[in-house]
Amino acid sequence: SQAGRKRIKSGTEIHVGDQITTRSNGTVLINSIDDASISVRQDSHLEITNYKYDKVNQQNSRVKFNLVHGVTRSISGAAAKGAREQFRLNTPIAAIGVRGTDFVVSATDSSTQAQVNEGIIVMAPFSVNCSTASFGPCLANSLELNGTSMHMIALDVNGSNPRILPASQNRGAEVLQRKVRSQLANNA
């Protein structure tokens with residue numbers, strides 16, 4: 001085990017700056033102080049970049065995650081619902097903002113795919129108008145996806161804009177669909 005690493009178990013407190021890394025046999029479910037939950041699936045790496053929840057003035061809340069690789073499911077809590085312009089999930093190539101939602105993201109160094117179970121997400125590639133340091137959804141070259149469709153949204157490192165993928169026409173989407181169904185079945 002590397003210095004600073006520790007095996008987490010049920011009840012372990014997670015803090016800003018922590019990195020969650022799972023192996024092929026592990027998943028982690030994080031329940032936050034504002035009733036949000038984030039599930040980190042097998043073979044994934046998620047960084048908790050920022051998590052400030054202001055219960056009195058929810059518009060002052062800020063939430064940011066960095067999905068280095070793997071699959072995560074995020075169900076928004078009061079912070080993201082009260083400060084939608086201050087929520088961000090970054091992947092290596094895309095920024096994802098929310099409109100109060102439940103969504104699943106799969107990321108590698110060269111691609112990002114997402115499906116919405118409920119609500120709306122906004123995906124955009126990083127650019128001079130969309131930095132990794134900012135919060136909230138980016139508008140430049142962005143695409144919105146809502147939970148009423150079974151489509152997916154995808155961005156590849158070679159593409160300049162996200163695109164909609166009908167799940168039935170994409171093998172990668174089928175894999176993520178199975179992961180989504182498995183997560184919904186497990187309530188994780």
Side-chain angles (χ1 to χ4, degrees), residues 6-22 26-91 94-107 112-124 132-138 142 144-150 152-153 176-188:
K6 67 177 182 180
R7 184 178 298 271
I8 59 175
K9 58 182 188 276
S10 182
T12 299
E13 287 191 7
I14 306 294
H15 301 281
V16 170
D18 285 350
Q19 299 186 32
I20 311 300
T21 303
T22 58
T27 62
V28 173
L29 176 63
I30 303 167
N31 294 306
S32 68
I33 57 172
D34 64 326
D35 294 324
S37 67
I38 189 154
S39 170
V40 184
R41 305 308 290 176
Q42 298 92 342
D43 293 317
S44 298
H45 180 179
L46 180 79
E47 299 173 343
I48 314 299
T49 308
N50 195 307
Y51 211 106
K52 175 189 171 196
Y53 174 53
D54 188 327
K55 190 173 184 176
V56 176
N57 298 301
Q58 289 187 8
Q59 69 275 11
N60 294 333
S61 299
R62 286 181 169 231
V63 176
K64 188 186 290 184
F65 300 106
N66 181 30
L67 180 60
V68 178
H69 66 81
V71 176
T72 189
R73 178 183 180 192
S74 175
I75 301 175
S76 297
K81 290 174 183 171
R84 292 177 180 160
E85 298 304 312
Q86 299 297 325
F87 176 96
R88 170 72 71 80
L89 188 147
N90 286 335
T91 72
I96 299 174
V98 301
R99 305 279 187 246
T101 195
D102 172 354
F103 66 102
V104 179
V105 178
S106 176
T112 298
Q113 294 183 344
Q115 181 175 15
V116 180
N117 298 317
E118 182 181 328
I120 297 172
I121 63 170
V122 180
M123 182 186 290
T132 59
S134 60
F135 285 84
C138 292
S142 68
E144 233 178 56
L145 182 68
N146 67 48
T148 60
S149 78
M150 287 305 290
M152 298 184 61
I153 192 170
L176 186 54
Q177 283 275 8
R178 283 196 298 273
K179 290 177 181 176
V180 169
R181 283 194 294 270
S182 170
Q183 288 178 353
L184 291 173
N186 295 334
N187 291 322

> Do I96 and T112 pass the side-chain contact (heavy atoms from CB on, under 4.5 Å) test, and can you show the C-alpha distance, the side-chain angles, and the key distance before you say yes or no?
Replying inline: CA-CA 10 Å; I96 299 174; T112 298; 4.3 Å; yes
> Less than 4.5 Å apart, any side-chain heavy atom of I30 and any of I48?
Replying inline: yes
>> Quick one, S142 and M123 - any side-chain contact, counting heavy atoms below 4.5 Å?
In response: no
>> If I compare all heavy atoms of A80 with all of D34, which pair ends up nearest, and what's the gap?
In response: N-OD2, 4.2 Å
>> For a quick test of reading the model, state the closest non-hydrogen atom pair linking R62 to N50 and the distance between them.
In response: O-OD1, 3.5 Å
> With sequence neighbours left out, what residues match Y53 under side chain to side chain donor-acceptor pair (under 3.5 Å)?
Replying inline: Q58
> Would you say T72 and F65 make side-chain contact, with heavy atoms under 4.5 Å?
Replying inline: no
> Between the side chain of K64 and the main-chain N/O of S134, is any donor-acceptor distance below 3.5 Å?
Replying inline: yes
> If you measure from CD1 on I14 to CD on Q19, what distance do you get to the nearest 0.5 Å?
Replying inline: 11.5 Å
>> Is there a side-chain contact between V104 and R41 in this structure, where contact means two heavy atoms from C-beta onward sitting under 4.5 Å apart?
In response: no
> Nearest 0.5 Å, what's the NE2-CG distance between H69 and D43?
Replying inline: 7.5 Å
>> I want to check something: taking the side chain as every heavy atom from C-beta on, are T27 and Q42 in contact at a cut-off of under 4.5 Å?
In response: yes
> With sequence neighbours excluded, what pairs up with V68 under the side chain to side chain contact (heavy atoms under 4.5 Å, CB included) test?
Replying inline: H45, E47, N66
> Any side-chain heavy atom of L89 within less than 4.5 Å of one from I121?
Replying inline: no
> Would you say the side-chain atoms of S74 pair up with the backbone N or O of F103, donor to acceptor, closer than 3.5 Å?
Replying inline: no
> Do you know the tightest heavy-atom contact between V122 and P137?
Replying inline: CB-CB, 3.8 Å
> Just by modelled atom types, is the Q59 backbone N or O under 3.5 Å from a matching donor or acceptor in the N57 side chain?
Replying inline: no
>> According to side chain to side chain contact (heavy atoms under 4.5 Å, CB included), who are the partners of N31, at least two apart in sequence or on a separate chain?
In response: L29, S37
>> Looking at G136, is its backbone amide N or carbonyl O close enough to the side chain of R88 to form a donor-acceptor pair, meaning the two atoms are under 3.5 Å apart?
In response: yes
>> Atom CG of residue position D35 - does it have more than 12 heavy atoms of other residues, nucleotides or ligands inside 6.0 Å?
In response: no
>> Rounded at 0.5 Å granularity, tell me how far CD in Q115 sits from CG in L145.
In response: 8.0 Å
>> Show the nearest heavy-atom pair for residues V116 and I120, with the distance to one decimal.
In response: CG1-N, 4.2 Å
>> Quick check: do K52 and N60 have side-chain heavy atoms less than 4.5 Å from each other?
In response: yes
>> Between T22 (side chain only) and S44 (backbone N and O only), is there a donor and an acceptor less than 3.5 Å apart?
In response: yes
> So how far is it from L46 CG to T91 OG1, rounded to the nearest 0.5 Å?
Replying inline: 11.5 Å
>> To check you understand the geometry: which heavy-atom pair defines the closest contact between S61 and A83, and what is its length?
In response: O-CB, 3.5 Å
